[in-house]
Amino acid sequence: MPPLSTTNSTFPDQFVWGAATAAPQIEGAAFAGGKGESIWDRYCRIPGRILKGDTLDVACDHYNRFREDFALMRSLGIRNYRLSIAWPRIFPKGDGPVNQAGVDFYHRLFDALAENGITPWVTMFHWDLPQALEDRGGWTDRVTVDAFATYADTIVKEYGGKVKNWITLNEIRCFTILAYGPRVNAAPGRTVSPQQLNETYHNALLCHGHGVRAVRAHGGKGARVGLTDNCDTPIPVTETEKDIAAANAWFVERNLHILDPIYRGSYSPDYLARVGKDAPTVKPGDFELISAPTDFLGLNIYTGFFVRACPGAKYEDLGTHDSYPRADSKWLKITPQAIYWGLRLAHENYGPKEIYVTENGCGYDDEPVVNDEVLDLHRRDFLRGYLRELLRAIQDGVPVKGYFVWSLLDNYEWADGYTRRFGIVHVDFETQARTPKLSSRYFAEVIKLNRIV
Ligand code: PNW
């Protein structure tokens, strides 16, 4: 047998491999250590909102088990870890007095990461808004922007010596449109007017700007910062000029309200025409703050939409039938090409210096532990297919510098509770036992050899 050719499956040297989580989804201890109530702590108790009525109270009990979890990561060779800080652990009321026990917790956590040789990538905000701020208007009001500015300054000053990679906010469109839009499926679950909804994006963009400002002011030497967006991602049905042009038009239309302000310092005329009288209020200085240069763009890419050229229109969006292959997460069609086109179109339209895939993965319900194993071949296949397309993007010149699998652990999948499992490590939510799945062994091998295996 001839030797395996690995030329086309090897990643660049220094490629960053990691795993991602978020505080509210894994920490538990929702009311311990002086932590304040978050909007999710409140929302998960509204009957009918969460599958099986699951709460975040205990989750993976990572608050008490982080040392064990980091040892497991180390054993898998995962040297980069994207996590988030729980705002209500630092400021239980959103602003006002700092909770020293919360501050101390993350110091212990960052120290434990360092002891295991794992580099932290810290998201400042992954959806757990302090409930007290929601009570004062939440994302519809600039009170949240002012509070975030103080929060960002506080955590960057506190942890800047231990954390060099900062992500401001996770997926603006999820905690705004899904939370305040017409069909709510996320906390706080409060439908507001179209104009108010546009204010929520704008306020989130302002917070991003404050996150960048805080890192520049207090991050110290070598500190870097960027946003994590989940751009909507088209896939041209054929990779031909006309379908690619259609996909590009679709990409711009669906993503410009987040990426234009950040990369171009304004809302585009197309966006302003679309929102008309419902445009957000822009105050002097807003765009200077929002568009301050960043070091990288984080993209969470899970799924794509098929698009083709259409006579007389910019594109045709094809939709998919129910029988199209998908994960158990209903929205997650298995579309490896989404990662190629998401990365490529973000690069071509906005030209970020570097791009990191800050999340990619898949959620399944039935992943039994048998003889101490979880044979999640579906996830192994998913990751392999997406990594192939990620590598193709790199080979075609997109500056992708890293990849974080979502997620290290099975965890609280928001409105889907504990039913949809995204981990490469299985969690038994009765006993809190961790069992590395086959996909974690697969991923460990990819990391070790720096190539698709
Ligand atoms: C991301 N959609 O959310 C989040 O950043 C994670 O916290 C989450 O657990 C993970 O992806 C898996 O869902 C998304 O409906 C949630 O398209 C929903 C969608 C996209 C991303």
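No donor-acceptor distance shorter than 3.5 angstrom exists from the side chain of S38 to the backbone of P130, with no hydrogens or angles considered. Judged purely by atom type and a 3.5 angstrom limit, T419 has no side-chain atom pairing as donor or acceptor with the backbone of D365. In this structure, D104 contributes its side chain and A101 its backbone to no donor-acceptor pair below 3.5 Å. A donor-acceptor pair is defined here as one N or O able to donate and one able to accept, closer than 3.5 Å; such a pair exists between the side chain of D410 and the backbone of G423. No donor-acceptor distance shorter than 3.5 angstrom exists from the side chain of N185 to the backbone of L178, with no hydrogens or angles considered. Side chain of D376 to backbone of R379: no donor-acceptor contact under 3.5 angstrom is found. In this structure a side-chain-to-backbone donor-acceptor pair under 3.5 Å is present from K330 to D328. In this structure, W166 contributes its side chain and M124 its backbone to no donor-acceptor pair below 3.5 Å. Of the possible polar contacts, none joining the T6 side chain to the S9 backbone as a donor-acceptor pair under 3.5 Å is found. Remark: the backbone N or O of T228 is not paired with any side-chain donor or acceptor of N170 at under 3.5 angstrom.
Side chains of I301 and E359 form no contact here, defined as non-hydrogen atoms less than 4.5 Å apart. Taking the side chain as every heavy atom from C-beta outward, M73 and I118 approach each other to under 4.5 Å. Using a 4.5 Å cut-off on side-chain heavy atoms (C-beta onward), F175 and L129 make no contact.
With no hydrogens or angles considered, no side-chain donor-acceptor pair links Q25 and W40 at under 3.5 Å. A donor atom on one side chain and an acceptor atom on the other are found under 3.5 Å apart for R82 and T123. A donor atom on one side chain and an acceptor atom on the other are not found under 3.5 Å apart for H426 and T435. Using modelled atom types, one finds a donor on one side chain and an acceptor on the other under 3.5 Å when comparing Y403 with N360.
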Considering only distance and modelled atom types, tabulate donor-acceptor pairs under 3.5 Å from the side chains of residues 244-251, sequence neighbours left out.
{"unit_1": "N248", "atom_1": "OD1", "unit_2": "N349", "atom_2": "ND2", "d": "2.9"}
{"unit_1": "W250", "atom_1": "NE1", "unit_2": "D317", "atom_2": "OD2", "d": "2.9"}

Extract all donor-acceptor atom pairs below 3.5 Å that involve side chains of residues 380-390 and protein atoms in other chains or at least two apart in sequence.
{"unit_1": "R384", "atom_1": "NE", "unit_2": "V453", "atom_2": "O", "d": "3.3"}
{"unit_1": "Y386", "atom_1": "OH", "unit_2": "Y302", "atom_2": "O", "d": "2.7"}
{"unit_1": "Y386", "atom_1": "OH", "unit_2": "T335", "atom_2": "N", "d": "2.9"}
{"unit_1": "Y386", "atom_1": "OH", "unit_2": "T335", "atom_2": "O", "d": "3.4"}
{"unit_1": "Y386", "atom_1": "OH", "unit_2": "T335", "atom_2": "OG1", "d": "3.4"}
{"unit_1": "E389", "atom_1": "OE1", "unit_2": "R392", "atom_2": "NE", "d": "3.2"}
{"unit_1": "E389", "atom_1": "OE1", "unit_2": "R392", "atom_2": "NH2", "d": "2.9"}

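Screening F148, Y180, F125, Y201 against W139 for a ring pair (Phe, Tyr, Trp, His ring centres under 6.0 Å) leaves a single residue, F125.
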Report task. Evaluate side chain to side chain donor-acceptor pair (under 3.5 Å) for N165 paired with Y356, printing each intermediate quantity in order. Result -> CA-CA 12 Å; N165 299 293; Y356 291 83; over 6 Å; no

Report task. Could you go through the side-chain contact (heavy atoms from CB on, under 4.5 Å) check for F296 and I167 one step at a time? Result -> CA-CA 9 Å; F296 59 86; I167 293 165; 4.0 Å; yes

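Heavy-atom neighbours of K93 NZ from other residues, nucleotides or ligands within 6.0 Å: at or below the threshold of 12.
Under the 30°/60° scheme for interplanar angles, the aromatic rings of F15 and F11 are found to be tilted.
Between F70 and Y81, the gap from one ring centroid to the other is short of 6.0 Å. Between F404 and W406, the distance from one ring center to the other does not fall under 6.0 angstrom.
In this structure, the ring-ring contact (aromatic ring centres under 6.0 Å, His included) partners of F429, at least two apart in sequence or on a different chain, are Y418.
How far CG of N198 is from OG1 of T200: 7.0 Å, rounded to the nearest 0.5 Å.
At least one cation-pi condition fails for K437 and F443: the charged atom is not both under 6.0 angstrom from the six-membered ring centre and inside a 45 degree cone around its axis.
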